[in-house]
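See below for the structure under consideration.
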Amino acid sequence: MTVVVRTIARVLLPISLEFGGYVIMHGHLTPGGGFQGGAVAASGLAMVVVAFGAKRLSGKKGLLSALESLGGVAFTALAFLGLGLTFFANVLAGAGGLFGNPVPYGVNPGDLNTAGTLPLMNWAVGFKVLAGLGAVVLLFALFGGEHDR
Amino acid sequence: MSVHAPILAIGVALLGGFAAPLWAKLHKTLRDLWVLLVVGFVGVCVGYVAVHVFTTGIWVYVLGGRSPQETVASGGFPIRIMLTVDAMSAFMGVIAALLAVVAFPFALKYIAEEEGKTLSLTLGLLLLAGILGMAYTGDLFNFFVFLEVTSIAACALIGFRTWTSRAPEAAFKTMLLYSVSGLLFLLAVAFLYGEYGALNLAYISAQLSGTAVDRLSLALFLGALLMKAAAAPVHFWAPDAYGQAPAAKTLLLVVNTQVSLYGLWRVLFTLYGGILDAPVGWLVVSLGLLTMGVAAFMALVQTDLGRLVAYGAVSQIGYMLLGVGVGLVALSGRPDYGLVAMKGGIFHMLNDALTVGLLFLCVGAVEWAKGTRDLRELGGLGHGLPEVALCFLVASLALAGIPPLNGFASKILIYEGSFRLSPILTALAVLASILLLAVFARAFQGAFLGPRVEVKATVPWVFLVSMGVLVVGILVLGLVPGFFVEGLVTPAAEALWRGRALYLAAVLGG
Amino acid sequence: MSRWLGVGAFLVVAGVLIFAGVAVRPFGVPPRTEMDAYFNRFSQPEVAANNAVTAIVFDYRGYDTLGEATVLFTAVTGVALILRRRGK
Amino acid sequence: MIGNLPFVVCMILVALGLWTLVAKRNLVKLVIGIGLIESGVNLFLVALGYVHQGIPPIYTYAPKDAPMVLPTPQALTLTSIVIGLATTALMLAFAVVIYRHKGTLDARKIRDLRG
């Protein structure tokens, strides 16, 4: 791709990653969450694949698949965390510690430090979706390139 | 920990799938050990659940609640997803775990490292998790989610041999059918959610009143699950799929079909059990007859050993549909013969898993040794591979329903039940069995008899152990069927036959 | 001949679906909302999340989300398997 | 009053998707047909959750005393969208491999598996 596309991709990649991170982080307060934020961030990765070509990124395939596995393991581990009560029980919500502030019923401005395991799960799923979608785009791009040659 | 056994079976299988690629990055042997460990653990959990359910009754497990037994919120309606394991679910779980325990050691040896072993083992674990998730869940949307897990994992495994053009083609076809089936299921769930504002199977079942929309949902459920279970008009994906997947993984595909049938039983008997009428039963019976007939005739003309066995497998689906369909027809009056036929149909699920599984392992062993499955090129393998020939013979006879093997034990129950409804049904079913016997006699003769030929490779002992386990199962189930029918099959059939009230009471209380 | 049969079957299915769209229930007036009212009322006190949808996705129906994450993981693994190069 | 028009539109989308599956022979168009059905079902799910004059079920800076729409269908739709994406990705991967083997995407020309 031309230098214009590459430059714009360089500028936009951090922005899309940051916006994806924002959507993931505020998943329990505003519209959005792990899947949506992960997809936003993955669109940045797709842009990089288009702008710079899949060849230059082919070494990152292993990294992406490892990241995806880690995201899945982390998500399942968070679900296992509730096993003292039941699988998936939200043991951190309202417990006072990490993400443990209570929330009264009704309209409020929102507090990031709430919702227990939800933000952690959002992050796990966000990374998983980012890595997964990135890997799919990269695999398709690599396969096509191989065929054309 | 034992109070969490049902979810541990599913959760650990999922965790195993997620983690398998990570272990493979460290060392391949670690990955193999991990896979065996996970499958073993899942097997233990499933066994524990089964023993518990068969001795003490339905096991309800609420996910994410303060306690696993807190099924309904204040107000008397369930809000969280819950696992509801009754005898039928536990029975299905046992079939899945049994075949997984046999299939995974076989797969470790059968699939070469350079052909994507890590990925296919991962998919196998996820498929197992999806099957168990479908069997244990008591929530309609959750059933859909796990239906899709199994669909995607199964299709990826069907497309495994990407270096041939047939495998991706079969996989595409199958995926198309599976997607439509999943979407029809989701549409049916959406209709029910729109009417009743709930997703819990037991709660909706208690509310169903038989409106036009309810009946449309039933039609959509039937279409979706029959499509996925390879019943006759839409069976054509199954031979391609079974023929193309690696032999060890075909076992899991067989269980995948059966768990779709299990979903059908669950929908018909538990969800719609209160308002069902006989025409639905007759529909299931006629589809069953059509399936066994069409598949048996198609098996006659096959030249590929894998596809021939696959058509044999499809025809067995017909017997299950016939057995349980007779029970459905008789559901309103609940005469004895309905329960007998249902016992036969459900017992046949276990028998079919063992026999068809063994046949596919034999096909895999033949391909391993000879490099081809074409009956026109095969022949004389009985000299080089006597153990495989023996296994194939036992499995074919069992599939055709020859006493004293297990296929006979379940088919005789189906015949007995269906005869009391209408002798024509029995006659047709017997005819299909005879046809199958002819088909498999020809296959055995074509592949194993004839002048001695050289085999490229001997069959590893792991294969023989896997196959031996299944042969022992077939013989034991055939020689002492009474013990298993009393202990395993009757509770499972009763759970569908009369168990709806118990199922609803276990979830909704009172 | 078989073409018109197909068209006829399709028209019947489409007619049934559209009839279902009319018959299902009035738009905008859900008849039964116990479960959803519970989620809207208790997602703050129970899960401490302002966003009821996220509370459902990760808490009340978190198990579905685990399945969904599995579906995505399975698909990525499957694509990697299908588009792999043999012998590597 | 628009009556049940939203539901009917969703059903029309589903029907169009089914028509695509029946009538088209290009593999990518078949995938698009699946996508159409899926969009119809997803829209139907979301439409089921609508309440007249409803606001999103999120309490952060929400207007006071407005009815909230039902949150469950939105959560279900999120799940089903991701599942649809996974299905589409896998089917396209098969289509790509088939194209590489056969050099065509026409379903009539690639049938090795018959009978």
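Model, not experiment: these values are computed from the prediction. Side chains included, hydrogens not; waters and symmetry mates left out as well; all remaining heavy atoms used. The sequence lines fix the lettering, A, B, ..., with proteins before strands; numbering per chain opens at 1.
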>> Is B:L15 close to chain C through its backbone or its side chain, or both, or neither, when contacts mean heavy atoms under 4.5 Å?
In response: neither
> Contact part of B:L220 toward chain C, heavy-atom cut-off under 4.5 Å: side chain, backbone, both or neither?
Replying inline: neither
>> Using heavy-atom distances under 4.5 Å, tell me whether B:L216 contacts chain C through its side chain, its backbone, both, or neither.
In response: side chain
> Considering only heavy atoms, which portion of B:P78 lies under 4.5 Å from any heavy atom of chain C: side chain, backbone, both, or neither?
Replying inline: backbone
>> If I measure from the heavy atoms of chain B, does C:D36 come under 4.5 Å with its side chain, its backbone, both, or neither?
In response: side chain
> Got a second to check how far C:F73's CZ is from B:L14's CG, nearest 0.5 Å?
Replying inline: 10.0 Å
>> Using a 4.5 angstrom heavy-atom cutoff, name the option from C:F39, C:Y60, C:F19 with the most pairs to chain B.
In response: C:Y60
> Sub-3.5 Å donor-acceptor pair from the side chain of C:R25 to the main-chain atoms of B:G194, do we have one?
Replying inline: yes
> At a heavy-atom separation under 4.5 Å, does B:L126 approach chain C through its side chain, its backbone, both, or neither?
Replying inline: side chain
>> Using a 6.0 Å cut-off, check whether atom CH2 of B:W34 has over 12 heavy atoms from anything other than its own residue.
In response: yes
> Considering only heavy atoms, which portion of B:L187 lies under 4.5 Å from any heavy atom of chain C: side chain, backbone, both, or neither?
Replying inline: side chain
> Given that the side chain runs from C-beta out, which part of B:V149 has a heavy atom under 4.5 Å from chain C: side chain, backbone, both or neither?
Replying inline: both
> Who among C:T33, C:D59, C:L17 has the most heavy-atom pairs with chain B under 4.5 Å?
Replying inline: C:D59
>> Please classify the contact of B:Y196 with chain C as side chain, backbone, both or neither, using a heavy-atom distance under 4.5 Å.
In response: both
> Closest heavy-atom contact between C:L81 and B:T162?
Replying inline: O-CG2, 4.3 Å
>> Please classify the contact of B:Y193 with chain C as side chain, backbone, both or neither, using a heavy-atom distance under 4.5 Å.
In response: side chain
> With a 4.5 angstrom heavy-atom cut-off, which part of B:N200 approaches chain C: side chain, backbone, both or neither?
Replying inline: neither
> Can we call the ring centroids of C:Y63 and B:Y61 under 6.0 Å apart?
Replying inline: no
